[in-house]
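In what follows, a structure is listed as structure tokens, so that the remarks can point back to it.
Every number for a ligand or one of its atoms is a count from 1 in the order of the listing. FYI, side chains are in, hydrogens and waters are out, and symmetry mates aren't considered; it's all heavy atoms of this structure.
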Amino acid sequence: MPVFPMARSVEVFAPATVANLGPGFDILGLALAEPYDVIYAERVDEPGIVIDQIIGDGGKLPRDPKKNTASIAAALVLQQLMIQSSGVVLSIQKGLPLESGLGSSAASAVGAAVAVNALFGNSLRRQDLLPACVEAEAAVSGRHADNVAPALLGGIVLITGFTPDAIYKLPTPANLALALVTPDVSVPTADARAVLPKAIPLGNMIGQMSSVGLLVSAIHTGNVPLMAQAMERDYVIEPARQHLMPGLKEVREAARKTGALGTVISGAGPTLCSICTTTNVARRVAEAMESVYAVMGISATTRVTVPSMDGATLRIIER
Ligand code: HSE
């Protein structure tokens, strides 16, 4: 990462992410080209972090800097840089829906962390921002890095711990397109984590390990059909959460009939993510998924996207 002189103001585009990729609960995540949050940050002489405005959240996110993931991450990066005599003013434009399983809290945390680093000379590498982003995420949705790590690094990331050297960027297969459908039901991550079993039978553990092994192997060989097959082999998390995801079975079936290779819960849901090989197929799949919810009387938003190779992107506004 190049080191610039300090910037006065910057803008960061921080991507949505699909966490878990099926069986890789808390250890695998994928960054998406769209949707994304935009974090505008300005360096000021007064110490501390201020949230100037949040747009696009319907007034739902906390404005208190101690409670918002963006400002928590920003404050931790300031601390990491040992900056005490200056501060940062943040403006947050939410492009990600809240509580939808697309990593909304992570995107804002990552956007703010990348922005603060850039305002003070960009001396930290992306992976060095991981602990601050994980702490910020933990304050609202539990300690897991499978949204923040791909949002920081881009592509598909394997997480083996919360330190900078514990995250591994895997190769992103070519021809990977995603159809996403977000039904209009709220599933807070904390609730979706509360329903998970505390202990799992050995047989399920063996099944889950084989799925993750197969998935990582398929990712490395760029075999998208095998990747999608491995993603659907979840013996632990989906069975415990499926009752929170209306229409999962029907949507999966409709997606498969229109060309999807597999469908999983995105992160903690309720967004469902179908794996396709072209955006044209993904568009058809997204329509079919939406129709299933329409029949059920549930309104839903669909998106077609591709992986984000680089994760959060930075634009210097003023030096
Ligand atoms: N791995 C986390 C979970 C992701 O499934 O609870 C939350 O976005």
For atom 7 (C) of ligand 1, find the nearest protein heavy atom and state the residue, atom name and distance (0.1 Å precision).
His144 CE1, 3.4 Å

Among all protein heavy atoms, pick out the one at the shortest distance from atom 8 (O) of ligand 1; state its residue, atom name and that distance to 0.1 Å.
Asn147 OD1, 2.8 Å

What do you reckon, does Thr189 have a nitrogen or oxygen under 3.5 Å from a nitrogen or oxygen of ligand 1?
no

Treating Asp37 as the side-chain partner and Lys94 as the backbone partner, does any N or O pair qualify as donor plus acceptor under 3.5 Å?
no

Under 4.0 Å from a heavy atom of Ala19: give me the atoms of ligand 1 that qualify, with their elements.
4 (C)

Between Asn68 and Leu90, is any pair of side-chain heavy atoms under 4.5 Å apart?
no

Please list, in number order, the atoms of ligand 1 under 4.0 Å from a heavy atom of Asp146.
1 (N), 2 (C), 4 (C)

Heavy-atom check, side chain of Val88 versus side chain of Phe120, under 4.5 Å:
yes

4.0 Å heavy-atom contact, Arg241 with ligand 1:
yes

Leu196 side chain reached by Arg241 side chain, heavy atoms, under 4.5 Å:
yes

For Asn20, take its heavy atoms, then give the atoms of ligand 1 lying under 4.0 Å from any of them.
1 (N), 2 (C), 3 (C), 5 (O)

Donor on one side chain, acceptor on other, Thr278 and Asn280, under 3.5 Å
no

Taking NZ, NE, NH1 and NH2 as the nitrogens, is one of them in Glu253 or Lys249 under 4.0 Å from a carboxylate oxygen of the other?
no

Can you list the ligand 1 atoms lying under 4.0 Å from a non-hydrogen atom of Gly267?
5 (O)

Assess whether a salt bridge exists between Lys60 and Asp57, defined as any Lys/Arg side-chain N lying under 4.0 Å from an Asp/Glu carboxylate O.
no

The closest protein heavy-atom partner of atom 3 (C) of ligand 1 is Arg193 NH1, 3.2 Å

